[in-house]
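One structure is given here, and the rest of the page talks about it.
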Amino acid sequence: MSSYKAVHKTLLSWYEREGRHSLPWRLTDDIYHVYLSEIMLQQTQVNRVRDEYYPLFLEKFPTIKHLADADLNEVLSLWSGLGYYRRARNLYLSAKLSKDGLPTSLKELKSLPGVGDYTASAVCSFALHQSVPVVDTNISRVLKRHFGLLGVKDKIIWKYAEKFLNIEQPRAHNLALMDLGSMICTLKSAECEICPLEKNCQGKEEPTLYTQTKKKEYIKMELYFGVLVQENKIALKFSDDNMYKDMLTLPKVDPLEENFLGSFKHAYTKYRLDVNIYKIEEIDGEIVWIDLEEFDSAPISSLTKKAKKFFE
DNA sequence: ATCCAGTGCC
DNA sequence: GGCACTGGAT
């Protein structure tokens, strides 16, 4: 008998009332759907995934077999604008490795590229209803506050998550903790008055004690790209440096005095970019010509998409 | 200008 | 352990 019986019950009854039950990946047990949602949700907010990328992706690749049989560029095209493009490459690699279905154990899932501790556990819990703890940044914060874990490392948080797990209803329990973390026990403010775990929470007096947010340092940078359009096609190249590595981008140029088409701002990881666009006449190196009509559905980043207004 | 979020490489 | 990797919302 778990010593957490009462608090488990309170948590689940809150979740039944207030949880985000209509998220599409919570209405299915399909492991591919759940796995896809978790990859998309890595470092990415729910709304964009739910409303656009997740449904479109599943429409185009309804099964993991469809995905495995696709071309990488089709996959990247559906990922275009979502960011962290390595996720799409790893997703595709994992599909190739799992043509007959994704593995169903924590260990095998974790061996797939792009699947770490969190995603493997999430799939086992949310799709397979296995009795495993799940720790993402939201759950981690909830547990730190609840158990008063100051300056504790991830390994230990996972131990607490395991100990606290409701083995009667592990899936609902994990989802409840997540929703609590994203809706009530948030990074900046903890609404302890309405929290179902308030009674036993050790962090309620000083919730912010358990979350140190280090202020980000941003680096300003100027970038210069060239636009060359011929016969209704735009010249792109595969990026050879780490910025948008291996993605199709406009060719980089040296800053020019003439043929300036315009500029825009873009945020890229720790950089705050001023992007300048120039009209150019020639390019060296290998060029990929993209039809202007197909530009919107090309495997390109948001930065490259933003440049469109200067050459369309 | 700030918010918000996992994996993997070194 | 530290750092790189994105983008839209607010």
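Throughout, a chain's letter reflects where its sequence line sits, starting with A, and its residues are numbered from 1.
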### Message
Rounding to an integer number of Å, can you tell me how far A:E217 CD sits from B:dA1 C1'?
### Response
14 Å
### Message
For C:dC3 and A:K270 - does any side-chain N or O of the residue sit under 4.0 Å from the phosphate oxygens OP1/OP2?
### Response
no
### Message
Heavy atoms only, 4.0 Å cut-off, all strands: where does A:S182 land among base, sugar-phosphate and nothing?
### Response
nothing
### Query
Do A:Q43 side-chain and B:dG6 base share a donor-acceptor contact under 3.5 Å?
yes
### Query
At under 4.0 Å, does any side-chain N or O of A:T119 touch on OP1 or OP2 of B:dG6?
no
### Query
Which whole-number value in Å describes the distance from A:L273 CG to C:dT6 P?
12 Å
### Check: A:L23 and A:R50 side chains under 4.5 Å, non-hydrogen atoms
yes
### Task
Please report, rounded to the nearest Å, how far the P atom of B:dC4 is from the CE atom of A:M183.
15 Å
### Query
For DNA chain B, whose closest nucleotide is more 5', that of A:V115 or that of A:T44?
A:T44
### Task
Tell me which nucleotide among C:dG8, C:dT6, B:dA5 gets nearest to the side chain of A:Y85.
C:dT6
### Message
Assuming nearest nucleotide by heavy-atom distance, tell me which of A:N47 and A:Y271 is located more 5' along DNA chain C.
### Response
A:Y271
### Query
Looking across every strand, which nucleic acid part, if any, lies under 4.0 Å from A:N90 by heavy atom: base, sugar-phosphate, or nothing?
nothing
### Query
Counting only side-chain N and O atoms of A:S301, is one of them less than 4.0 Å from OP1 or OP2 of C:dT6?
no
### Query
Does A:Y268 have a side-chain nitrogen or oxygen under 4.0 Å from the phosphate oxygens OP1 or OP2 of C:dT6?
yes
### Task
Among A:L41, A:V46, A:V49, find the residue that satisfies the side-chain contact (heavy atoms from CB on, under 4.5 Å) test when tested with A:Y54.
A:V49
### Message
Categorize A:Y84 for me: base, sugar-phosphate, or nothing, with a 4.0 angstrom heavy-atom threshold over every strand shown.
### Response
base
### Task
May I ask you to verify if any side-chain N or O of A:Y53 is less than 4.0 angstrom from the OP1 or OP2 atom of C:dG7?
no
### Query
Can you check whether A:H8 and A:F164 have ring centres sitting under 6.0 Å from each other?
yes
### Message
What is the distance, to the nearest angstrom, from the CE atom on A:M243 to the P atom on C:dC5?
### Response
7 Å
### Query
A:K265 has an atom NZ; how far is it from atom P of B:dT2, in whole Å?
15 Å
### Query
Whole-Å distance between B:dC4 C1' and A:Y218 OH?
10 Å
### Closest nucleotide among C:dG7, B:dG6, C:dG1 to the A:K153 side chain
C:dG1
### Neighbour count >12 (heavy atoms, 6.0 Å) for atom CD, A:Q202
yes
### Query
Under 4.0 angstrom, heavy atoms only, what part of the nucleic acid is A:R86 near: base, sugar-phosphate, or nothing?
base
## Note on the structure
The residue, A:M178 or A:R272, whose nearest nucleotide of DNA chain B is more 5′ is A:R272
### Query
Could you state the CD1-C1' distance from A:I39 to B:dA5, rounded to the nearest angstrom?
13 Å
### Task
Give the C-alpha distance, both sets of side-chain angles, the deciding distance and a yes or no for side-chain contact (heavy atoms from CB on, under 4.5 Å) between A:L67 and A:Y32.
CA-CA 10 Å; A:L67 177 57; A:Y32 165 61; 4.0 Å; yes
### Query
A:L177 pairs by side-chain contact (heavy atoms from CB on, under 4.5 Å) with which of A:N166, A:L197, A:D136, A:V135?
A:L197
### Task
For A:M40 and C:dG8, give me the distance from atom CE to atom P, rounded to whole Å.
15 Å
